Amino acid sequence: MIKKRIIPCLDVKDGRVVKGIQFKGLRDIGDPVALAMYYNDSGADELVFLDISKTERGHDLTLDIIQQTASQLFIPLTVGGGISTLEDISQLLKHGADKVSLNSAALKNPELIRQASEKFGRQCICIAIDSQYDAETDDYYCCTHGGKKRTNKRVYDWVQEVEALGAGELLVTSMAYDGMKNGFDLDHLNGIAQKVNIPIIASGGGGNADHFVELFNETPVSAGLAASILHDKETTVTEIKMTLDQGGIPVRWH
């Protein structure tokens, strides 16, 4: 049985880790390198580093911070935020990233997914989807620029498209659930899982360890992402894993 992963997420803006609710009201959490070391030592399976200032405003890749972060890690590091070229991906992989997460650039130029997958391997390419529910059409749409711009691309179409282009993994954030701590968007995640055969990381809504038990019992996703509950020490990766273990859900112990 495949073991489920718990993945902390560092949203980094101007060199500092921040966190908001539904992508708004960002507050300072701390230093990314120090937080990465803490999560590395506390049993996280992977770490996601999203440079949100880069996507919003556009600036050079923060390679120095990424290299410092990667040098402290014994777990895989996924880096995202404003990656728009094969050269960007190459630089990040050279500076310690194990995978890259593409969102805005992939929607703008889907061919980038195919090119990146062929050049660096499918396992390196994660497609991040900021999914916004639209009540009028009863459907979900992809958003870009840190959730600020909605596109006309339907999430259920896009996930199939990116898998066909060579994506190795999906990171799905239900925007309405982000930071709310009321549990994950199980129906939406199941809807996506029915359409693809690649691993899905669920993001948005994890408020306690029981929400992760619910996530893995009721959807086939392979990983759960968490940010604020871990940053604020409301729970720890170890506590989440112990609860999963007690619930009969297989996890990795490092």
Side-chain angles (χ1 to χ4, degrees), residues 7 9 11 13 18-27 48 50 52-53 55-57 80-82 101-110 113 126-165 167 169-229 231-232 234:
I7 306 176
C9 180
D11 291 318
K13 188 177 173 81
V18 295
K19 188 67 192 101
I21 294 174
Q22 295 179 338
F23 292 51
K24 300 182 186 78
L26 301 178
R27 57 193 172 87
V48 170
L50 296 177
I52 59 174
S53 45
T55 307
E56 286 176 22
R57 291 202 304 274
S101 167
L102 304 174
N103 183 351
S104 302
L107 281 158
K108 192 171 165 187
N109 173 24
I113 302 170
C126 175
I127 300 300
I129 297 170
D130 294 331
S131 178
Q132 189 174 59
Y133 178 68
D134 179 68
E136 256 179 57
T137 57
D138 188 27
D139 212 340
Y140 293 85
Y141 294 88
C142 298
C143 292
T144 63
H145 297 79
K148 291 183 173 61
K149 294 185 182 175
R150 200 186 104 176
T151 69
N152 293 322
K153 181 68 77 175
R154 293 176 67 248
V155 170
Y156 294 125
D157 294 336
W158 181 233
V159 294
Q160 294 174 87
E161 200 176 320
V162 302
E163 181 180 31
L165 287 165
E169 189 171 49
L170 300 175
L171 168 53
V172 179
T173 303
S174 291
M175 289 177 57
Y177 286 67
D178 178 68
M180 301 303 284
K181 302 182 188 176
N182 294 324
F184 292 89
D185 191 348
L186 304 174
D187 289 344
H188 187 36
L189 291 163
N190 277 320
I192 291 170
Q194 285 166 12
K195 299 195 179 293
V196 296
N197 293 304
I198 51 177
I200 297 167
I201 303 169
S203 166
N208 56 51
D210 289 332
H211 288 150
F212 288 85
V213 174
E214 186 181 56
L215 172 70
F216 294 131
N217 273 333
E218 297 190 25
T219 79
V221 303
S222 64
L225 198 80
S228 50
I229 58 165
H231 299 336
D232 295 335
E234 290 173 36

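Scope of the values below: all heavy atoms of this structure, side chains included, with no hydrogens, waters or symmetry mates. Only a predicted model underlies this, so the values are computations on that prediction, with no experimental measurement involved.
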For the CD atom of Glu161 and the CG atom of Leu107, what is their distance to the nearest 0.5 Å? 8.5 Å
Measuring only between side-chain heavy atoms, which start at C-beta, is Asn208 closer than 4.5 Å to Glu234? no
So, taking the atom named OG in Ser131 and the one named CG in Leu170, what distance separates them when rounded to the nearest 0.5 Å? 11.5 Å
With no hydrogens and no angle check, is any side-chain donor or acceptor of Glu163 less than 3.5 Å from a backbone partner on Asn197? yes
In Å, rounded to the nearest 0.5 Å, how long is the span from NZ of Lys149 to CG of Asp130? 13.5 Å
Under 4.5 Å between any side-chain heavy atoms of Asp134 and Tyr140, yes or no? no
Can you tell me which residue among Asp185, Asp138, Asp139 is in a side chain to side chain donor-acceptor pair (under 3.5 Å) with Tyr133? Asp138
How about Asp232: does its CG atom have over 12 heavy atoms from other parts shown lying under 6.0 Å from it? yes
Do the side chains of Pro220 and Leu189 get nearer than 4.5 Å, heavy atoms only? no
Would you check if Asp11 and Cys9 make a side-chain contact, meaning some heavy-atom pair closer than 4.5 Å? yes
Looking at CD1 of Ile192 and CH2 of Trp158, how far apart are the two atoms once the value is rounded to the nearest 0.5 Å? 13.0 Å
Exam field: side chain Ser104 to backbone His145, donor-acceptor pair closer than 3.5 Å: yes
Tell me if a side-chain donor or acceptor on Ser228 pairs with a main-chain N or O of Gly179 at a distance below 3.5 Å. no
Check: Lys153 and Tyr141 side chains under 4.5 Å, non-hydrogen atoms: no
Quick one: pull up CD in Gln194 and OG1 in Thr219 and give me the separation to the nearest 0.5 Å. 11.0 Å
Check whether any side-chain heavy atom of Leu26 sits under 4.5 Å from a side-chain heavy atom of Ile52, and report yes or no. yes
Would you compute the distance between atom OG1 of Thr173 and atom CG of Asn103 and round it to the nearest 0.5 angstrom? 8.5 Å
Lys/Arg N to Asp/Glu carboxylate O, Lys24 vs Asp178, below 4.0 Å: no
Close side-chain approach of Val221 and Val172, heavy atoms under 4.5 Å: no
So do the side chains of His188 and Val155 get within less than 4.5 Å of each other, counting heavy atoms only? yes
